[in-house]
Amino acid sequence: MPELPEVEVTRQSFADRIRGARVEAVRLGKPLRWPLGCEPDSLRAQVVGEVARRGKYLWLEVERGGLLMHLGMSGSLAFSSAPALPGPHNHFDLVTTHGTLRLTDPRRFGEAFLIDDADLPLRFSRLGVEPLSEDFTPEELGRVAAGRTAPLKSFLLDQSAIAGVGNIYADEALYRARLHPLSPAGSMKPEHWLALRDGIVAALEAAIDAGGSSIDDYRDGRGEKGSMQERFLVHTREGEPCPSGEGEVVRIVVAGRSTYFCPGCQVRLRRKPRRRRPARRAK
DNA sequence: AGGTCGGCCTGGCAGC
DNA sequence: TGCTGCCAGGCCGACC
């Protein structure tokens, strides 16, 4: 499942190689979530600029705007100079003078569409704070979580709160922060904001260092697998001992998502009491 | 407005 | 062996 680390590793694996390339053709396979948004031929002869990332989105700069791409659940991007003939799951090829960028996505939850520069701020304004940016402070996390009654696990999956965290790294971040996934997000105190901020950053950075997680068939732009799945602390480790040495990892379902955690060391916070009425005088 | 749920999609797997 | 049915999950839109 491509989350922020996988998208970032993918970006790094081809950004330098595609920069400055000229588009020669666009080939479409089966329809993805959204239509391309332009005639494929209209991209021809445009020069590719920077490849940026926001949350789980990749943004390929072209002359008339940008190509916004999302890997959905099962998507991967490959950039190569001699791609094989398109297979049944290759739904988008960007053929350039430097090579072909190919989106492979069996489940077709991915996206690739052209967007005007003018529309980009609006599009990205729906996304929450970027967790690997300087803006992601404990105070910012606290501000975003304030008043929320949803469980921390649901909160972390909400892209309008924090952009880029998905099911895997939500579990890993909550374990690192020693916070129970069912704790109401708004019940955190400042020390929890700090622990969770640090947990999210550490989980994402460790995954980027490991080349991402390849649970099913994730590959980066060079076709390399990641190894983070071998280093998960709790995710998919139901029944295994907690890495801290005590207790056992359990699996529950939160917001329809498999959620792995250690009940022994992840503290369940209680809902903040509503503002109390003035204490009654003792009789 | 926050929260929840169903739909999208298909490979893989359990159960018969 | 082959069929059925369920599950995984990111995101969107509908609804409460």
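Bear in mind that the values here come from a model prediction, so they are computed numbers and not experimental data. In the text below, chain A, chain B and the rest are named by the order of the sequence lines, each starting its count at 1.
Put simply, the side chain of Glu63(A) reaches to within 4.5 Å of the side chain of Val47(A), judged on heavy atoms.
Nucleotides of DNA chain B lying under 4.0 Å from heavy atoms of chain A occupy a range whose first and last members, 5' to 3', are dG3(B) to dG11(B).
Note on residues 129-138 of chain A: pairs passing salt bridge (charged side-chain N to carboxylate O under 4.0 Å, His left out), not counting sequence neighbours, are Arg53(A)-Glu130(A), Arg54(A)-Glu130(A). Listed by first and then second residue, the salt bridge (charged side-chain N to carboxylate O under 4.0 Å, His left out) pairs involving residues 191-206 of chain A amount to none (not counting sequence neighbours). Pairs passing the salt bridge (charged side-chain N to carboxylate O under 4.0 Å, His left out) check and including a residue from residues 26-41 of chain A, sequence neighbours excluded, read Arg27(A)-Asp93(A), Arg33(A)-Glu111(A), Asp41(A)-Arg44(A).
Ranked by how close their nearest DNA chain B nucleotide is to the 5' end, Ala255(A) and Arg108(A) are led by Ala255(A).
A side-chain donor-acceptor contact under 3.5 Å links Ser183(A) to the backbone of Leu269(A).
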Before giving the answer on salt bridge (charged side-chain N to carboxylate O under 4.0 Å, His left out), spell out for Arg219(A) and Glu224(A) the whole-Å C-alpha distance, their side-chain angles and the decisive distance to 0.1 Å. CA-CA 5 Å; Arg219(A) 297 286 190 283; Glu224(A) 303 285 332; over 6 Å; no
Once base and sugar-phosphate atoms are separated, protein heavy atoms under 4.0 Å mark nucleotides 7-16 of chain C, 5' to 3', with B, S and - as -BBBBSS---
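Taking the centre and axis of the six-membered ring of Tyr175(A), the NZ or CZ atom of Arg178(A) falls inside the cone set by 45° and 6.0 Å.
Tested against Tyr169(A), the residues Glu6(A), Arg176(A), His235(A) include a single side chain to side chain donor-acceptor pair (under 3.5 Å) partner, Glu6(A).
Near DNA chain B, meaning a heavy atom under 4.0 Å from it, residues 142-152 of chain A has Arg148(A), Thr149(A), Ala150(A) in order of number.
Between atom CD of residue Glu238(A) and atom OG1 of residue Thr259(A) there is a gap of 11.5 Å, rounded to the nearest 0.5 Å.
In the model, Asp105(A) has a side-chain atom that pairs as donor or acceptor with a side-chain atom of Ser74(A) under 3.5 Å.
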